[in-house]
2 protein chains.
Amino acid sequence: MDVRTACLGALSRGDATGYEIKKLFEEGPFGHFFSAGYGSIYPALARLCEEGLATVATIEEPGRPVRKSYSITPAGRAAFEKMLLEQPADDRLKSEWIFVAYFADSMPPDLLERRLRERVDWYRERLEAMEGCNQETLRDGERFVLDLGVAVYRAAARYIEEQGPSLVAASRRRTGTPEAAE
Amino acid sequence: MDVRTACLGALSRGDATGYEIKKLFEEGPFGHFFSAGYGSIYPALARLCEEGLATVATIEEPGRPVRKSYSITPAGRAAFEKMLLEQPADDRLKSEWIFVAYFADSMPPDLLERRLRERVDWYRERLEAMEGCNQETLRDGERFVLDLGVAVYRAAARYIEEQGPSLVAASRRRTGTPEAAE
DNA sequence: GGTCCGATATATCGAGTCGATATACGGAGT
DNA sequence: ACTCCGTATATCGACTCGATATATCGGACC
């Protein structure tokens with residue numbers, strides 16, 4: 001799915017500037033399954049306007065920088081809803097962390113242990129933030145996706161906490177490294 | 001992580017052609033957390049050779065197409081192991097399926113139901129394939145990553161199976177669509 | 001009062017990546 | 001004979017990524 005369609009989806013829930021869409025993609029609920037940089041978002045918004053799927057309004061307010069607020073048009077809404085009917089493409093995950101873990105045998109045990117801990121901490125932080133969301137204001141689909149994320153993160157964190165120590169222990173046995181004092 | 005490093009990782013486990021590396025990325029154990037097309041792999045392998053991190057051997061056997069087998073060099077192995085020490089970048093997931101599910105409220109209930117079923121089926125298939133792997137031949141890190149994938153997929157499939165029906169039911173109530181006979 | 005920092009906001013550039021496509025050969029099926 | 005599939009290399013245009021440049025405003029700090 002290209003950034004253009006994703007922007008259309010964001011605009012379907014309300015007007016926004018390119019900056020706000022970026023934040024939505026990296027911090028908001030979209031953050032867990034989509035991301036894009038300015039280098040993709042600004043050209044995408046420009047093209048949406050060219051194609052008549054969105055419109056721009058330049059807003060000059062004293063006390064803040066000039067903004068360009070984008071709005072979806074009826075044609076844009078129709079295009080977006082049509083897109084929802086199509087077969088979604090396969091997920092694409094790129095995880096350096098898992099890649100590194102795959103080669104855990106080639107890593108120093110202490111570093112491995114640290115990476116595992118960092119990962120669990122990261123999951124716990126995200127989980128806390130996600131569970132803090134006010135579930136009352138969410139639509140059905142939004143809540144469904146949020147809770148799916150919670151279920152997945154919880155499972156991953158639990159697995160790493162349960163199985164990580166034995167991976168580290170095996171690594172120490174192999175290299176003969178004593179446990180580091182921390 | 002760029003494709004170059006990923007190729008180095010693949011080569012660290014044995015010689016391979018570009019074609020074989022592609023298959024590794026899309027079917028093999030790497031498939032769940034990394035992917036790359038020929039347009040990235042072939043240039044990456046060429047550059048690895050330029051930089052002295054890999055070497056090529058052209059193999060001409062009768063009865064099969066000419067192949068180029070790539071091997072990692074000691075310098076390549078050193079570069080790869082150095083890379084394993086660095087802080088891994090954040091995961092990057094792009095999921096059209098989750099994106100569409102987020103907008104479930106704008107979808108026809110029957111289609112939503114089909115998408116949910118397709119997704120669960122997809123997870124079940126992957127799980128069967130993953131659990132069929134001979135766990136005896138895997139290294140610690142490889143098994144760890146495989147089982148992490150199993151834990152995550154299982155959690156996702158279970159969540160969708162448990163929570164999906166009520167999402168569909170709410171959608172039907174909202175649109176007044178009767179249940180489709182299948 | 002000045003000054004630095006972070007947040008808001010738009011925009012662009014090169015390097016890298018994706019997906020489709022072209023080419024070519026062998027084997028299997030019909 | 002013909003077509004299709006798997007193996008294998010390679011390229012192209014469109015798109016995406018990550019870093020960077022620019023600018024303004026509000027608040028913190030001394």
Side-chain angles (χ1 to χ4, degrees), chain A residues 1-8 10 15-28 30-31 33-51 54 56-70 86-96, chain B residues 1-8 10 15-28 30-31 34-51 54 56-70 87-96:
Chain A
M1 183 188 41
D2 52 6
V3 176
R4 237 168 78 251
T5 311
C7 287
L8 219 43
D15 296 354
T17 67
Y19 182 77
E20 285 164 346
I21 290 177
K22 174 93 196 296
K23 273 205 306 182
L24 200 67
F25 286 168
E26 69 190 10
E27 294 167 24
F30 282 70
F33 55 89
F34 194 81
S35 67
Y38 293 127
S40 306
I41 291 172
Y42 285 116
L45 289 171
R47 262 196 66 189
L48 286 176
C49 290
E50 275 174 39
E51 292 167 358
V56 218
T58 303
I59 301 173
E60 285 182 77
E61 279 179 84
R64 55 189 307 185
V66 175
R67 285 176 302 141
K68 288 188 184 177
S69 182
Y70 293 85
E86 279 161 33
Q87 181 79 28
D90 284 350
D91 288 13
R92 225 168 61 225
L93 169 64
K94 229 164 232 194
S95 174
E96 265 185 46
Chain B
M1 183 187 41
D2 53 5
V3 177
R4 238 167 79 251
T5 311
C7 287
L8 218 44
D15 296 354
T17 66
Y19 182 77
E20 286 164 345
I21 290 177
K22 173 92 195 296
K23 274 206 303 183
L24 199 68
F25 285 168
E26 70 190 9
E27 294 167 25
F30 283 71
F34 194 82
S35 68
Y38 294 128
S40 307
I41 292 171
Y42 285 117
L45 289 170
R47 262 196 66 189
L48 286 176
C49 291
E50 276 174 35
E51 292 167 357
V56 217
T58 303
I59 300 172
E60 285 182 76
E61 280 180 85
R64 55 188 308 186
V66 175
R67 287 176 302 140
K68 289 188 183 175
S69 182
Y70 292 85
Q87 181 80 27
D90 283 350
D91 288 14
R92 226 168 61 225
L93 169 64
K94 228 162 234 196
S95 174
E96 263 184 47

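Note that the coordinates shown come from a computational prediction; the quantities given were computed from them, not determined experimentally. Quick note on labels: first sequence line is chain A, next is B, and so on, each numbered from 1. Every heavy atom of this structure was used, including side-chain atoms; hydrogens, water molecules and symmetry mates were not.
When all heavy atoms are compared, the tightest approach of A:S35 to B:R92 is OG-CG, 3.8 Å. Shortest non-hydrogen contact noted between A:A6 and A:F25 is CB-CZ, 3.7 Å. Taking each heavy atom of A:E96 and B:D91 in turn, the nearest pair found is N-OD1, 4.5 Å. Nearest heavy atom pair, residue B:V66 against residue B:E60, reads CG2-CG, 3.7 Å. Smallest separation of non-hydrogen atoms from B:D2 and B:F34: O-CZ, 4.5 Å. Here the shortest heavy-atom pairing between A:A36 and A:I41 reads O-CD1, 3.8 Å.
Put simply, A:R92 has no side-chain N or O that comes within less than 4.0 Å of OP1 or OP2 on C:dT17. Using a 4.0 Å cut-off, no side-chain N or O of A:R67 falls inside it from OP1 or OP2 of D:dT24. In terms of phosphate contacts, B:R4 brings no side-chain nitrogen or oxygen within less than 4.0 Å of OP1 or OP2 of C:dA15. For C:dC18, the OP1/OP2 oxygens have a side-chain nitrogen or oxygen of B:S40 closer than 4.0 Å. Contact annotation: B:T17 side-chain N/O to D:dT7 OP1/OP2 distance is not under 4.0 Å. Regarding contacts with the backbone of D:dT9, a side-chain N or O of B:Y42 is found under 4.0 angstrom from either OP1 or OP2.
Rounded to whole Å, atom P of C:dC18 lies 10 Å from atom CZ of B:F25. A straight line from CG of A:L93 to C1' of C:dC18 spans 16 Å, rounded to a whole angstrom. Spacing between atom CD of A:E26 and atom P of D:dG18 amounts to 11 Å, rounded to whole angstrom units. Counting to the nearest Å, the P atom of D:dG6 and the OH atom of B:Y19 are 8 Å from each other. To the nearest angstrom, P of D:dG6 lies 10 Å from CD of B:E27. To the nearest angstrom, C1' of D:dT24 lies 16 Å from NZ of A:K68. Atom CD1 in A:I21 sits roughly 15 Å away from atom C1' in C:dT8 (whole-Å rounding). One can place CZ of A:F34 at 14 Å from P of D:dC15, the figure rounded to the nearest angstrom.
Among the atoms of the strands shown, none is found under 4.0 Å from any heavy atom of B:K22. Within 4.0 Å of B:G39, counting heavy atoms only, lies at least one base atom of the nucleic acid. As judged by a 4.0 angstrom heavy-atom cut-off over every strand, B:A44 is placed among residues making no nucleic acid contact.
For the atom pair CD (A:E27) and CD (A:E20), the distance works out to 11.5 Å, reported to the nearest 0.5 Å. Atoms CG and CD1, from A:L45 and A:I21 in turn, are 4.5 Å apart once rounded to the nearest 0.5 Å.
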Could you pull out the protein-nucleic contacts involving nucleotides 21-23 of chain D (nitrogen or oxygen on both sides, under 3.5 Å)?
none

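Picking from C:dG16, D:dT9, D:dC17 the nucleotide with the shortest atom distance to the side chain of B:D2 gives C:dG16.
Comparing B:G18 and B:K94, the nucleotide of DNA chain D nearest to each residue sits closer to the 5' end for B:G18.
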